Structures are given as structure tokens and as C-alpha cells.
Number of protein chains: 2
Amino acid sequence: MANKIAPLSAAMEDYLKAIYLVRGSAAAATTMVLAATLGVSAASVTNMIKKLAVLKLVRHAPYHGVELTPAGEKIALEIVRHHRLLEAFLHDALGLPWDEVHGEAHKLEHVLSDNLEDHIAEYLGDPSVDPHGDPIPTKAGVVVTSAQHTLAELAPGARAVIVRVGAQDPAHLRYLRELGLVPQARLVVLACAPFGGPVRVRVRTRQVALDEPLARQIWVNVARKK
Amino acid sequence: MANKIAPLSAAMEDYLKAIYLVRGSAAAATTMVLAATLGVSAASVTNMIKKLAVLKLVRHAPYHGVELTPAGEKIALEIVRHHRLLEAFLHDALGLPWDEVHGEAHKLEHVLSDNLEDHIAEYLGDPSVDPHGDPIPTKAGVVVTSAQHTLAELAPGARAVIVRVGAQDPAHLRYLRELGLVPQARLVVLACAPFGGPVRVRVRTRQVALDEPLARQIWVNVARKK
DNA sequence: ACCGAAATTTAGTCATGGCTAAATTATATA
DNA sequence: TATATAATTTAGCCATGACTAAATTTCGGT
């Protein structure tokens, strides 16, 4: 049934995951972007893309971008599931701070067996999001995204609950954790300077100001007025 | 302080661990034995041993055996600690059956950071043995071995408690688990045929017969007569 | 429509860690 | 003690996945 011919190398899995994530952020998966994402040279990216194209896991339009085929996306989703389940596990079960789980999960994700994945998912009660609020794809490869807006888009007076924090940098994550700006936190927008100014919000009893690039990384659900 | 010059590859760590374990079982670490242990060709072993010798992690007497230097043993002990802590964690925290933990731990042991190791050790309350009863080296590299005898050495009437099961084969492990022959189990020797015959023991309320090679893998502490 | 800068691909190199086949060394046995 | 056999090492090969430098293509701006 399954079309598993040969197991993919960890490097191949990394590329597929990177392509998936870049495409998911609405950007084109260009050679340069992938090189920056993966921390390798552009030539290495071209090289690997050609191998993945031979395996029918990506479609490559030379000098333009690269796209996942359905088979490639399936594998990418498995790796993303591994990664985010591991993040949830490391955070919830072992108490690792949320700025550390990404790096640890990255090293573990390629050696996680299906069997162990099942045990972890069961242990956690099949969570739907990781500690950053990123959705964990189901075993069948279904991804449920909830947030529609970022903090940067809200008008003063809006009440919202944080559902996802897109920031990656550990220093940023520690800072946001410090402020209480984590998934599930409720907040009220106090003020927003229109063109790229800082956003002022109240979270718990505290007032905090966030510069606009960071506010763009914080995804929220807006509370309906009652 | 530490003499960490370059991080070792997973392959190198595997070789050092294999040498440590082979030497620990009182056997000489020959090229053939290591090749069989690691599932690679003899030529590959010679090749890697030469690299490890350059790094001063092993001493190689060509055409004779190989021995770990103190530096090599230190690294081997770290990997063994990783491996056994992971086995304990997978078994105790995630409920993996003991015949599966070895394989899973083997894949994880090379990507376990010191930080995550600390969290796991703390979570488990710093265990001193893994699910097979093998000692977990301390962070300082101290190994405490307790058992002195195997089931095969006991005389009829002897009472003992199992402290370690040396068998590796998953089928054997499932069989022993089935019989209740696991670490901490108490047993009484009923009969032993002197030259390689089966050993008959009572464990819980059951009588079981074990062939001699398997009995040699079961390490016990003999209860003092009272 | 062209031209130069930026992006991309090609070409060639390197390290790692496997492999087989052939040569060499050690050892057991006659 | 000589020699066959087993163990080990050497030599040479291959795949993977990095890299740099050079060639090529695309594209924005005039």
C-alpha cells in the first residue's frame, strides 16, 4: 500500500520540512531562502533539490522555486508532527523551558520511530498544538490552523487570547515568557501606533509595549463583543 | 578544564561504546568481535580504530586487540549512561516493553544533550540501573556493579533475587518477561543438571525450566540463609 | 530593450564511513 | 618446525552531503 521504497536520510527530511515551513509562511521556497533556513550553501540546496526531484518528492522549476509533491508533503508533515510532538513532550513531561524545546526536538525528530511517537502522543493525550501554539499534524496528515490575526492588526480596546507565538529566537521567547505573552494568555489592546509603532497591551495585571515586528509574530483569536 | 576538542561522530561513539561493552564482558575487543557487534565489516573496524587511535581514545596493537584509553573510556561511559538512562525513561515513563527499549534508546543516545539528560535523570530520580538491571554510570563515570553470580551457578535450594538480565534478543526478553524472570524477582532453585542441563526454578507460584545458556545470562544476588 | 546585480546552477573538491578483494600476519595442528 | 587456516590489515572503491569558485540565468531599472 504505502509507497515507502527507501528510507530518507535525515538531511532529506530536513529539506522537505524546510520547504513545507517556508511555503506555509506564504513565501516562495527559493534556493537562497532554503539555504538561509537550513544553514547551508545555496549550491548544497540545488544539489539536494535535484535528488528530491528525482524521487518525485518535489517539483523543481530551475531558477524559480521548488514545491512539494503530495508524496513530499506527506513526509514533511510526518517530520513536523515528530518535531512538534517532541516539543510538547519535552515541555509538558520533562519541564524544559519553551525556548529550549525547539533545538532539542530538532535533534530528536529524525530518530523518532512510529512506535515511540504513538507512545508519546498517547502519554500527552493527543495534543493538537505544541508549546508555541503551532498545530501538530495528525497521523493522517491533517493540520488545523486556528488563528487569523496577529497582535499587530488589532485596534485599541480589542480583547484577544494568544493562540500561537511564531517567534523562533530563544532570547525573544524568554522575553515573551517573562511578559506572560504565551499561548492561552488573555490580553487587551491599549494602544497601537499606526505605522510600525509599538503595540501596548495589558496582560494579567501588567501593561507591556511590544515593537511591531514582534507583535506580528503573535497570533490571536479575537474575543467576540458581548 | 575538559579536553573536548571536537565533537565525535555518532559512528565513533558507537565504536567506543562497543569496545567498552565487549571488554566489560571479559572478552578481548578484537576486530572480528567488534565487526559482529556493530554489524559492519572487519575492514571498517580497522579503519575506524585507526582514527580513534590518532585521537588517543584507544590503544591499538595491530593484529592483537584494542583497548580504551582513559579519555576513550570517559566518552564510552557517557554514551552508556545516555543509553541506559533512555532505556529507563522509555520503560518507566512511556511504558515501552523492555524488549523494545534497547533499539529505541540506541537511536536516541547520540542526540541526547547534557541538558536533556539532566532533566531525564531528575525526572526518574537518578536511577542506578536500567530495566535490564544494567548499571547506569553516574555523570562522573562511576559504575556500580552488584551481581556476582548467575542462575547457572546456584545449587538446588538456593534462594536468590534477580538483579540483572544480560540477554539482548527481544524474543528471549519477551520469553523471560512472560515467565516473570525480571529484575527484582525472587526465586528458588529446584534443580540443576550439572553439565549444561536446564535449571529448574520456582518464581512466584510457578515452576520454570531454563536452558543453561539463558541461565548464564541471569545475574542474581543470593539470599543469606537465616 | 538593454545592462548589471543578484540569484541560481554547474563543476569540481573534500571528509565520513561504509564496502569488497587482495595481501599480510598470527596461530593451531600435524 | 612447517604449513594451512583464520584473523587482520591494506588498497581501492562508492555514496552522501557538505563546500568554493566559476558559469549561467533572471529581473529590475533606466
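The figures that follow rest on heavy atoms only: side chains count, while hydrogens, waters and symmetry mates do not. Computed from a predicted model, the values in this text were never measured in an experiment. Here is how names work: the chains are called A, B, and so on, in the same order as the sequence lines, proteins then strands, and each is numbered from 1.
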Passing candidate, ring-ring contact (aromatic ring centres under 6.0 Å, His included) with His102(B), options His132(B), His83(B), His172(B): His83(B)
Side-chain N or O of [X] versus OP1/OP2 of [N]: is the shortest distance under 4.0 Å?
{"X": "Lys51(B)", "N": "dG17(C)", "answer": "yes"}
{"X": "Thr30(A)", "N": "dA7(C)", "answer": "no"}
{"X": "Ser9(B)", "N": "dT16(C)", "answer": "no"}
{"X": "Tyr15(B)", "N": "dG18(C)", "answer": "yes"}
{"X": "Ser44(A)", "N": "dC19(D)", "answer": "yes"}
{"X": "Lys50(B)", "N": "dT10(D)", "answer": "yes"}
{"X": "Ser41(A)", "N": "dC19(D)", "answer": "yes"}

May I have the distance from [X] (atom [atom1]) to [N] (atom [atom2]), rounded to whole angstrom?
{"X": "Leu52(B)", "N": "dT16(C)", "atom1": "CG", "atom2": "P", "answer": "12 Å"}
{"X": "Met32(B)", "N": "dT9(D)", "atom1": "CE", "atom2": "P", "answer": "11 Å"}
{"X": "Leu8(B)", "N": "dG17(C)", "atom1": "CG", "atom2": "C1'", "answer": "14 Å"}
{"X": "Leu34(B)", "N": "dG17(C)", "atom1": "CG", "atom2": "P", "answer": "16 Å"}
{"X": "Met12(B)", "N": "dA15(C)", "atom1": "CE", "atom2": "P", "answer": "13 Å"}
{"X": "Asn47(B)", "N": "dT16(C)", "atom1": "CG", "atom2": "C1'", "answer": "9 Å"}
{"X": "Ile49(A)", "N": "dT9(C)", "atom1": "CD1", "atom2": "P", "answer": "7 Å"}
{"X": "Met48(B)", "N": "dA15(C)", "atom1": "CE", "atom2": "C1'", "answer": "12 Å"}

Least distance between heavy atoms, Ala105(A) atom then Glu87(A) atom: CB-CG, 3.7 Å
[X] versus [Y]: any side-chain heavy-atom pair under 4.5 Å?
{"X": "Pro127(A)", "Y": "Ile136(A)", "answer": "yes"}
{"X": "Lys17(B)", "Y": "Glu109(B)", "answer": "yes"}
{"X": "Thr30(A)", "Y": "Val45(A)", "answer": "no"}

Lys56(A) atom NZ: more than 12 heavy-atom contacts under 6.0 Å: no
Polar side-chain atom of Arg216(B) near backbone of Ala152(B) as donor-acceptor pair, under 3.5 Å: no
Derivation and outcome, side chain to side chain contact (heavy atoms under 4.5 Å, CB included), residues Leu90(B) and Leu108(B): CA-CA 11 Å; Leu90(B) 295 172; Leu108(B) 296 168; 4.3 Å; yes
Touch class at under 4.0 angstrom, heavy-atom based, for Ala11(A) against every strand present: sugar-phosphate
Sugar-phosphate only, base, or nothing, as touched by Thr31(A) at under 4.0 Å among non-hydrogen atoms: sugar-phosphate
Neighbours of DNA chain D within residues 54-63 of chain B, by heavy-atom distance under 4.0 Å: His60(B), Pro62(B), Tyr63(B)
Ala43(B), nearest nucleotide to its side chain (from dA21(C), dT8(D), dT8(C)): dA21(C)
